[in-house]
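The basis for the numbers below is simple: all heavy atoms, side chains too, and nothing from hydrogens, waters or symmetry mates.
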Amino acid sequence: MFNRAAVAAASTKRWFATAVPAQAPLVVKNNRILASVILSRAPQITRDSTSFEKAYFDYREKLERQQATSFPTEFYFKKGSLAERRWKEEEEARRAAMTDPTTSLSDAVANVEHEMDDAAANLNKVVKSSRITKADQENNTKSLDRALQRTLYLVVHKPGSEQPWQFPQGQIDSTEYLHEAAERQLADDCGKDMDVWFVGRQPISHFKQAPSRKNDELGVKTFFMKARVYAGQVKPNKDVSDYAWLTKEELESKLSPEYYNAVKDSLGDL
């Protein structure tokens, strides 16, 4: 039987498929539309406490100690053992710190550990890794192991572009959504060896540029999508001459002022 609805649907689909050439750049109101990715690596360690925070934490710790019940030492430690001696020395340091507002309980215990002999110091000792990594010392901006207390953002360098340093970005074709174009462009610029999660399908910021040349009738609107990287590393393509993982402050000195001002409120301070 002749199905009018099926014919109409097929005709409509064929019209959409042929009305706009495949892979044609998307132009809206005399502006080329670009999709960009603000790809970030979240902080890996907690930041250092401020002097006020340290004083408050020490106050709370001393207050809790005053209100706590006495600790049954004989129940937990064998008499004459090394663990009992360690506990007694640490407890004596804590009591002294309780009467000295300039000394925190944590510092008092740490000082005791330094004064003990090697055998006692190595018993169940937790060795803390440095918060300053080799990448920090070498100022290696290509490494994700730097600035562990801060959020890092990926920027790439494309010679000849209106924005030499930029977030990974490119044109949207007429068949794509914003998030699809952003994901494709990130893979094109930086490879597919990163485990990336796009936070949503809505842009978090945009940047508008007027036509850069007198004979150019089209401006540019760049929409920024938010994403997080969990593993992997950048493998740039031939169009990307360099890349860097930078903090928010470092981005300000790398990006153009207009470009940075368009995205700065979308970047975290940590």
Side-chain angles (χ1 to χ4, degrees), residues 23 25-26 31-44 133 135-136 138-148 150-173 176-201 203-209 212 219-269:
Q23 305 298 320
L26 184 61
N31 286 285
R32 290 185 291 113
I33 306 300
L34 305 186
S36 183
V37 185
I38 298 180
L39 182 64
S40 63
R41 186 225 64 191
Q44 303 298 292
T133 66
D136 287 319
E138 298 175 352
N139 194 28
N140 182 6
T141 57
K142 289 183 173 59
S143 175
L144 282 166
D145 292 330
R146 64 183 295 267
L148 297 182
R150 303 295 306 279
T151 299
L152 296 180
Y153 298 94
L154 175 64
V155 288
V156 297
H157 185 268
K158 293 184 177 181
S161 174
E162 295 178 2
Q163 302 290 338
W165 280 98
Q166 58 186 235
F167 296 108
Q169 65 184 45
Q171 289 194 123
I172 303 177
D173 69 50
E176 292 178 307
Y177 292 107
L178 271 174
H179 69 278
E180 292 175 336
E183 188 171 356
R184 172 184 56 78
Q185 192 62 43
L186 177 64
D188 289 346
D189 284 349
C190 304
K192 299 180 180 180
D193 292 339
M194 290 188 291
D195 183 7
V196 173
W197 173 59
F198 276 77
V199 177
R201 297 189 174 188
I204 60 173
S205 185
H206 79 282
F207 174 52
K208 184 176 180 180
Q209 294 172 273
S212 58
V220 176
K221 279 188 177 180
T222 305
F223 291 89
F224 299 93
M225 310 298 293
K226 184 178 182 181
R228 294 281 181 87
V229 62
Y230 292 107
Q233 184 53 286
V234 176
K235 290 188 176 180
N237 69 7
K238 61 181 180 180
D239 296 327
V240 176
S241 62
D242 200 2
Y243 70 92
W245 292 96
L246 305 176
T247 64
K248 183 177 180 178
E249 292 78 13
E250 292 169 336
L251 285 177
E252 185 174 6
S253 62
K254 203 72 139 175
L255 305 176
S256 69
E258 299 82 7
Y259 192 86
Y260 176 76
N261 287 333
V263 300
K264 66 179 182 179
D265 293 335
S266 302
L267 307 177
D269 291 328

On a heavy-atom basis, the closest approach of Ala182 and Val37 is O-CG2, 3.3 Å
Under 3.5 Å, is there a donor-acceptor pair between the side chain of Lys248 and the main chain of Gly268?
no
Determine whether Met225 and Pro203 make a side-chain contact, defined as any pair of heavy atoms from C-beta on separated by less than 4.5 Å.
yes
Verdict with supporting geometry, Glu250 and Arg146, salt bridge (Lys or Arg N to Asp or Glu O under 4.0 Å):
CA-CA 13 Å; Glu250 292 169 336; Arg146 64 183 295 267; 2.8 Å; yes
Under 6.0 Å between ring centres, would you say that holds for Tyr259 and Phe207?
yes
With a 4.5 Å heavy-atom cut-off, do Leu148 and Arg41 have their side chains touching?
yes
Euclidean distance, Leu152 CG relative to Thr247 OG1, rounded to 0.5 Å
7.0 Å
Point-to-point distance, once rounded to the nearest 0.5 Å, from CD of Gln44 to OG1 of Thr133:
11.0 Å
With side chains defined as the heavy atoms from C-beta onward, is the minimum distance between Asp242 and Val156 less than 4.5 Å?
no
Short side-chain to backbone donor-acceptor contact, Ser36 and Pro168, under 3.5 Å:
yes
In Å and rounded to the nearest 0.5 Å, what is the CZ to CD distance from Arg150 to Glu249?
4.0 Å
Please step through side chain to side chain contact (heavy atoms under 4.5 Å, CB included) for the pair Leu154 and Val229, ending with a clear verdict.
CA-CA 10 Å; Leu154 175 64; Val229 62; over 6 Å; no
Within a reach of under 6.0 Å around NZ of Lys226, are more than 12 heavy atoms found that belong to other residues, nucleotides or ligands?
no
Rounding to 0.5 Å, atoms OH (Tyr177) and CD1 (Ile172) come to a distance of 12.5 Å
Tell me which donor-acceptor pairs under 3.5 Å the side chains of residues 232-239 have, and how far apart each pair is, sequence neighbours excluded?
{"unit_1": "Gln233", "atom_1": "OE1", "unit_2": "Trp245", "atom_2": "NE1", "d": "3.1"}
{"unit_1": "Gln233", "atom_1": "NE2", "unit_2": "Lys142", "atom_2": "O", "d": "2.8"}
{"unit_1": "Lys235", "atom_1": "NZ", "unit_2": "Asp193", "atom_2": "OD2", "d": "2.9"}
{"unit_1": "Asn237", "atom_1": "OD1", "unit_2": "Asp239", "atom_2": "N", "d": "3.0"}
{"unit_1": "Asn237", "atom_1": "OD1", "unit_2": "Val240", "atom_2": "N", "d": "3.2"}
{"unit_1": "Asn237", "atom_1": "ND2", "unit_2": "Asp188", "atom_2": "O", "d": "2.7"}

What are the two closest non-hydrogen atoms of Gln169 and Lys158, and how far apart are they?
O-NZ, 3.2 Å
Would a distance-only check, ignoring hydrogens and angles, find a side-chain to backbone donor-acceptor pair under 3.5 Å from Asn261 to Glu258?
no
Which atom of Thr151 lies closest to which atom of Ala42, heavy atoms considered
OG1-CA, 4.5 Å
Can you give me the closest heavy-atom contact between Leu39 and Val196, atom names plus distance?
CD1-CG1, 3.8 Å
Leu246 and Tyr153, any side-chain heavy atoms less than 4.5 Å apart:
no
Compare every heavy atom of Leu178 with every heavy atom of Leu34, then report the nearest pair and how far apart it is.
O-CD2, 4.5 Å
Go through Arg32 and Gln171 one step at a time and tell me if the side chain to side chain contact (heavy atoms under 4.5 Å, CB included) criterion holds.
CA-CA 7 Å; Arg32 290 185 291 113; Gln171 289 194 123; 3.1 Å; yes
Identified side chain to side chain contact (heavy atoms under 4.5 Å, CB included) partner of Ile204 from the options Val199, Val263, Ile38:
Ile38
Hey, could you give me the CD/CG distance between Glu252 and Leu267, rounded to the nearest 0.5 Å?
10.5 Å
Trp165 vs Leu251 side-chain heavy atoms within contact, under 4.5 Å:
no
Asp265 side chain near Ser205 side chain, heavy-atom distance below 4.5 Å
no
Do Phe198 and Glu183 have side chains that approach each other closer than 4.5 Å (heavy atoms only, starting at C-beta)?
yes
As an exercise, state the distance from OG1 of Thr222 to NE2 of His206, rounded to the nearest 0.5 Å.
9.5 Å
If you take all heavy atoms of His157 and Ser241, which pair is closest and at what distance?
ND1-OG, 2.7 Å
